[in-house]
There are 2 protein chains.
Amino acid sequence: MDKQISQAVIRRLPRYYRYLGELLDDGVERISSNDLSKRMHVTASQIRQDLNNFGGFGQQGYGYNVAYLHDEIGNILGVNDTHNVIVIGAGNLGQAIAGYVKFERVGFKIIGLFDVNPELKGKMVRDLPVQMLDELPEFVKNNNVEIAALTLPKQNAKSTALKLVSLGVHAIWNFAHVDLDDIPDVVIENVHLSDSLMQLSYNITQHKK
Amino acid sequence: MDKQISQAVIRRLPRYYRYLGELLDDGVERISSNDLSKRMHVTASQIRQDLNNFGGFGQQGYGYNVAYLHDEIGNILGVNDTHNVIVIGAGNLGQAIAGYVKFERVGFKIIGLFDVNPELKGKMVRDLPVQMLDELPEFVKNNNVEIAALTLPKQNAKSTALKLVSLGVHAIWNFAHVDLDDIPDVVIENVHLSDSLMQLSYNITQHKK
DNA sequence: TGCCTATTGTTAAAATCTTGACATAGTTTT
DNA sequence: AAAACTATGTCAAGATTTTAACAATAGGCA
């Protein structure tokens with residue numbers, strides 16, 4: 001059985017992945033944990049420890065091959081496969097997220113955009129028409145939907161999440177300002193913008209002292 | 001001198017604040033750490049420990065007064081004061097953030113929206129006109145700008161951040177997919193949506209096993 | 001009023017996470 | 001081909017965070 005990797009490590013992986021991607025773009029072939037630690041402002045020890053959770057990607061006396069390590073971390077994160085994404089809630093945030101994922105993230109493909117508001121029905125957001133929520137079951141049945149981004153008011157978040165799970169969507173990227181606990185058999189990733197802004201506010205207050 | 005509060009605690013404060021707000025809305029007057037722990041799915045011990053970093057807000061044998069605790073945490077987070085916010089980058093995400101903060105968060109007020117694209121000049125986004133970036137110095141001089149949200153491509157993020165700091169804006173809510181280290185005397189809060197999505201992807205992969 | 005109960009604030013233990021140290025293995029140089 | 005060097009993987013120590021335990025104190029009730 002695999003040893004459980006701590007969420008602290010998982011949170012750092014995307015950052016490694018990003019730095020390695022930049023090194024790759026810059027044509028850097030190899031890098032040592034020490035050099036990387038200076039760029040990323042973390043300890044070299046932590047880098048080696050983190051990577052070793054998943055196996056020995058480096059070579060003594062040489063360091064890490066950038067392309068190889070980048071690819072391996074990509075595999076670990078699962079971003080080398082394609083994931084189909086739908087967005088529920090076609091407001092500003094929903095449209096922004098749809099556009100953001102489309103342009104910024106390979107590995108994730110926006111294939112549907114839904115809302116309850118009949119006025120939005122059929123409206124084109126880039127190359128996707130806004131569909132009504134009652135078309136969702138049919139859509140999910142006919143398409144391999146893996147992730148649903150929830151960009152809707154918190155009042156509707158939980159019921160929508162439950163519906164999605166019952167339809168077979170087991171991963172939710174939740175932007176609604178509410179916790180979606182108590183839903184079994186689903187993977188949730190929360191983006192609480194309010195929380196982030198309040199943390200900023202706290203740190204401003206501290207900084208002033 | 002104040003003892004330094006760990007970021008782990010700070011990250012939890014907004015969540016307490018949210019739950020207390022909901023209790024307040026529901027007319028609940030008092031709550032024990034034990035009851036709150038059941039709702040929030042954290043240990044009662046952690047709640048008491050966290051709150052005690054800031055002082056004794058509760059009463060033995062009684063619990064915590066919801067309204068009082070909510071207000072105190074609001075003070076700690078600094079959300080009971082008003083903070084003026086500008087948004088740099090009037091794309092989808094910038095417009096979404098501007099709208100989001102406006103409608104969801106009291107305590108934060110969007111007062112300006114900037115972009116480099118001349119085609120957007122003067123375009124109204126709700127009640128705010130898009131201004132050109134060269135109007136920024138004058139605007140900052142005449143308005144008490146505390147926070148700048150950066151919703152622009154990563155290539156421009158660092159130079160814009162440096163400019164903002166030189167103009168006197170010392171808090172940045174960064175949505176660009178780049179780290180803004182090495183900038184002294186500024187408080188940064190990052191929202192890396194890509195990282196969040198990759199964490200979700202990782203957890204999906206694990207879940208399938 | 002005084003006893004009983006509830007629940008905090010706080011201390012200490014346990015668990016987890018991070019950092020430092022170094023033997024070992026592979027690379028580069030001569 | 002051997003010597004010198006570099007940098008990993010790993011172990012152990014140190015630091016931090018979380019959880020458990022409980023004495024002390026305030027509220028509720030008789």
Side-chain angles (χ1 to χ4, degrees), chain A residues 1-16 19-20 23 28-73 76 181 199 202 206, chain B residues 1-16 19-20 23 28-73 76 181 199 202 206:
Chain A
M1 177 195 138
D2 287 350
K3 179 168 140 282
Q4 181 71 24
I5 308 291
S6 81
Q7 284 297 311
V9 175
I10 307 310
R11 266 199 300 275
R12 286 191 290 265
L13 286 183
R15 190 151 179 266
Y16 293 135
Y19 273 82
L20 289 164
L23 288 169
V28 178
E29 272 184 27
R30 62 186 257 193
I31 189 138
S32 68
S33 59
N34 210 262
D35 286 353
L36 191 56
S37 86
K38 280 178 197 134
R39 287 172 181 260
M40 296 185 64
H41 301 289
V42 299
T43 64
S45 189
Q46 180 162 77
I47 292 174
R48 294 204 296 277
Q49 189 90 291
D50 282 352
L51 297 179
N52 257 86
N53 281 296
F54 303 97
F57 298 132
Q59 272 187 329
Q60 274 144 330
Y62 176 89
Y64 299 88
N65 178 289
V66 172
Y68 172 68
L69 186 56
H70 182 261
D71 194 55
E72 284 294 325
I73 295 180
I76 292 164
D181 311 314
Q199 284 171 52
Y202 173 85
Q206 289 310 106
Chain B
M1 177 193 142
D2 286 352
K3 178 167 141 284
Q4 181 69 23
I5 308 291
S6 81
Q7 285 296 312
V9 175
I10 306 311
R11 268 199 299 275
R12 287 192 289 267
L13 286 183
R15 189 149 179 268
Y16 293 135
Y19 274 82
L20 289 164
L23 288 168
V28 177
E29 273 185 26
R30 61 186 257 193
I31 190 139
S32 68
S33 60
N34 209 261
D35 286 354
L36 191 56
S37 87
K38 280 180 197 132
R39 284 171 183 260
M40 296 184 65
H41 301 289
V42 298
T43 63
S45 189
Q46 181 162 75
I47 293 173
R48 294 203 296 278
Q49 189 91 291
D50 282 352
L51 297 180
N52 257 87
N53 280 296
F54 304 97
F57 298 132
Q59 273 188 326
Q60 274 143 331
Y62 176 89
Y64 298 88
N65 178 290
V66 172
Y68 172 67
L69 185 57
H70 182 261
D71 194 55
E72 284 294 325
I73 296 181
I76 293 165
D181 311 315
Q199 283 172 53
Y202 174 86
Q206 290 309 107

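Chain A is the first sequence line, chain B the second, and so forth, proteins listed ahead of strands; every chain is numbered from 1.
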query: In chain order, what residues pass the side chain to side chain donor-acceptor pair (under 3.5 Å) check against Y16(B), with sequence neighbours excluded?
result: D50(B)
- request: Taking heavy atoms of chain B and a 4.0 Å limit, find me the 5'-most and 3'-most nucleotide of DNA chain C within that range.
  value: dA6(C) to dA12(C)
query: Among residues 56-65 of chain A, which residues get a heavy atom nearer than 4.0 Å to DNA chain C?
result: Q59(A), Q60(A), G61(A), Y62(A)
statement: Residues pairing under salt bridge (charged side-chain N to carboxylate O under 4.0 Å, His left out) where one sits in residues 57-67 of chain B, two or more places apart or in two chains, turn out to be none
- prompt: So where does chain A start and stop touching DNA chain D, 5' to 3', when the test is distance under 4.0 Å to a non-hydrogen atom?
  reply: dT6(D) to dA12(D)
field: Residues forming a salt bridge (charged side-chain N to carboxylate O under 4.0 Å, His left out) with R11(B), sequence neighbours excluded
entry: none
Show which side-chain atoms of residues 29-36 of chain B pair as donor or acceptor with protein atoms under 3.5 Å away, not counting sequence neighbours.
from: R30(B); atom 1: NE; to: Y62(B); atom 2: O; distance (Å): 3.4
from: R30(B); atom 1: NH2; to: Y62(B); atom 2: O; distance (Å): 3.3
from: S32(B); atom 1: OG; to: N34(B); atom 2: N; distance (Å): 3.4
from: S32(B); atom 1: OG; to: D35(B); atom 2: N; distance (Å): 3.1
from: S33(B); atom 1: OG; to: R48(B); atom 2: NH1; distance (Å): 2.9
from: N34(B); atom 1: OD1; to: K38(B); atom 2: NZ; distance (Å): 3.2

task: Return the set of residues passing side-chain contact (heavy atoms from CB on, under 4.5 Å) with N52(B) (not counting sequence neighbours), or none when no residue passes.
output: none
field: Value rounded to 0.5 Å, distance of CZ in R39(A) from CG in L23(A)
entry: 4.5 Å
task: Supply the atom-to-atom distance I73(A) CD1 to L20(A) CG, rounded to the nearest 0.5 angstrom.
output: 5.0 Å
field: DNA chain C contacts made by residues 39-49 of chain A, counting heavy atoms under 4.0 Å
entry: T43(A), S45(A), Q46(A), R48(A), Q49(A)
field: Partner residues of S45(B) under the side-chain contact (heavy atoms from CB on, under 4.5 Å) criterion, sequence neighbours left out
entry: T43(B)
message: Which heavy atom of R15(A) sits nearest to which heavy atom of V42(A), and what is that distance?
response: NH1-CG1, 3.9 Å
query: What residues form a side chain to side chain donor-acceptor pair (under 3.5 Å) with Q59(B), not counting sequence neighbours?
result: none
message: Going by the rule side-chain contact (heavy atoms from CB on, under 4.5 Å), which residues pair with F57(A) if we only count those two or more places apart in sequence or in a different chain?
response: L51(A), F54(A), Y64(A), Y68(A), L69(A), E72(A), I76(A)
